[in-house]
Amino acid sequence: MKFIKPFLTVLLSLAFFGCTKNEPIVFKDSSGEKYRPEYHFTPITGWMNDPNGLIYLDGEYHLFYQFYPDSTVWGPMHWGHAISKDLLHWENLPIALAPDSLGYIFSGSAVLDSENSSGLGTIANPPLVAIFTYHDMVAERSGSLEYQSQAIAYSMDKGRTWTKYAGNPVLPNQGIKDFRDPKVRRVTNTDGTQQWVMTLAVLDRIQFYSSPNLIDWTFESEFGLGIGAHGGVWECPDLLPFTSPDGSQKWVLLVSINPGGPQKGSATQYFIGEFKDGVFTADDQMIRWMDYGPDNYAGVTWSNLPIDQDQTVLIGWMSNWLYAQDVPTETWRSATTIPRSLSLFEVNGTLLLKTSPVKEMESLRSKSYSISSSESALPSQSSEIIADVSENFAIQLSNDLGEQVLISKENGLVSVDRSRAGSGNFHPDFAASFSAPMSWEAEKVRVFLDASSIELFVNDGELTITALLFPSKPWNKVSILSGATDLEIFALEK
Ligand code: FRU
């Protein structure tokens, strides 16, 4: 059955395209693939959540992800695997890591151990090392708190196959129930020496561990008490160096939290500060959110990107634990966000994180339309809309059934309203409007639409709102209700 279905899908979609060729847009097919995105990554079938082990090597971006191939709801976690040369076209590869007697394979990261500090490869052929959490369901069911531990696996063939380290776990549990999602990077200490640093989510805190070899880990410090949002458990952290606009070095600590996000359920907060010799110190007490939409969670960044690229690139899981397992896709569940390039910017004396679409997104633009009237047809269900906006603006997307999405800024609040945007009755919190405070001026918006999502970037990512959408028919009209000019629309094609 698994193999017959894609075949039927293709046949049905050919038939569907054939009989509707005069219509401007159609869903890709009518056989359960209705909401399948055109240019966002989705698993072929089954369940996906967090991106894992993001690493670039020899021209390939690796995307591993939390994957349960046998169902469209969460279950025994594997690391699924895909690779891409451009962050847009993904080739699916076999499952990289599967559960074993130590447990399910939860989220984590991957590094190139170029000096072979682990001894798992050679200097001439250094190993890729994945650092992940084992979640032992048997221990959890028995009532023990010690069911999460950190482990490693290595690959000597560019990530194609992985060997779990015989001495796992490398960081055993210490009686703490939430103890997971290791993100590892190489860090230089103030005395010039280097070490591996693991950033780990522990209950509603972050712990830092250091290691000379990715195998022996020493506790360094803890961050999070009395600072930031604490409405839920902290998960999937990332620790990133940036040059701030004034030229100084800053560190950003990304922390996903579930629940307790600004729109209910899951979201990602971040802290800006210093990281010195294993200790993170935040510059201030402010709570900052990376994305004000409901559907960007567990985002982490690629390791080992080429230095000359000077980019920090993140991808998130485009869903929310509130309703991720209920959304109306049939054969698969969940997509990633578009990849985003991270940087710091300053506004009114405050440093904030900017998350812009990566420049590769521009290569998807196929046809462009410059619109002068206030209403225009949308050429494709996969499109990018760009507009100059004034301080208050409102842009509406709609379809033939009168379903609509409103993007606006009014009284210092940027909003995406999906309360009348189609299917939403699968969860009481889905059909809603999502707002974000923006005390500075909005000048430009970029909107990415795909079959089941909207990603809004104000001023190229100074503020973002990411939201899933399940319209009954594709969006085919864009209307400027107020405050927007120089509208440009691109049909996006892979
Ligand atoms: C975040 C998360 C992680 C965990 C994984 C399990 O979405 O809960 O903390 O490792 O999902 O699938």
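Side chains are part of it too, since the values below use all heavy atoms of this structure and drop only hydrogens, waters and symmetry mates. Start at 1 and go down the list; that is how both ligands and their atoms are numbered.
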Which ligand 1 atoms does Asn49 reach within 4.0 Å, using its non-hydrogen atoms? 5 (C), 6 (C), 7 (O), 11 (O), 12 (O)

At what distance is the nearest protein heavy atom to atom 8 (O) of ligand 1, and which residue and atom is it? Glu235 OE2, 2.9 Å

So, do Val279 and Glu274 sit near enough that their side-chain heavy atoms are less than 4.5 Å apart? no

Of all the non-hydrogen atoms in the protein, which one sits nearest to atom 2 (C) of ligand 1, and at what distance? Asp50 OD2, 3.3 Å

Give me the nearest non-hydrogen protein atom to atom 10 (O) of ligand 1 as residue plus atom name, then the distance to 0.1 Å. Asp181 OD1, 2.6 Å

Would Glu330 and Arg36 pass as an ion pair if we require N to O under 4.0 Å? no

Atom 12 (O) of ligand 1 sits nearest the protein heavy atom Gln66 OE1, 2.7 Å

What I want to check is whether the side chains of Asn258 and Glu235 have a donor and an acceptor closer together than 3.5 Å. no

Atom indices of ligand 1, in the order listed, that fall short of 4.0 Å to a heavy atom of Phe106: 4 (C), 6 (C), 10 (O)

Let's go through Tyr56 and His62 carefully: what are the C-alpha distance in whole Å and the side-chain angles of both, what is the deciding distance for ring pair (Phe, Tyr, Trp, His ring centres under 6.0 Å) to 0.1 Å, and is it a yes or a no? CA-CA 6 Å; Tyr56 177 86; His62 291 262; 8.8 Å; no

Apply the test side chain to side chain donor-acceptor pair (under 3.5 Å) to residues Gln325 and Tyr323: give CA-CA distance (whole Å), side-chain angles for both, the deciding distance (0.1 Å), then the verdict. CA-CA 5 Å; Gln325 304 188 83; Tyr323 44 69; over 6 Å; no

Mark up the atoms of ligand 1 that fall under 4.0 Å of a heavy atom belonging to Met77, in ascending order. 12 (O)

Checking the N or O distance criterion of under 3.5 Å, is ligand 1 in contact with Trp317? no

Cation over ring face, Arg418 and Phe430, 6.0 Å, 45°: yes

If the cut-off is 4.0 Å to any non-hydrogen atom of Ser107, which atoms of ligand 1 fall inside it? 5 (C), 10 (O)

Under 6.0 Å from the ring centre and within 45 degrees of the ring axis: does the NZ or CZ of Arg185 meet both conditions for the six-membered ring of Trp196? no

Considering distance alone, does some N or O of Tyr297 sit under 3.5 Å from an N or O of ligand 1? no

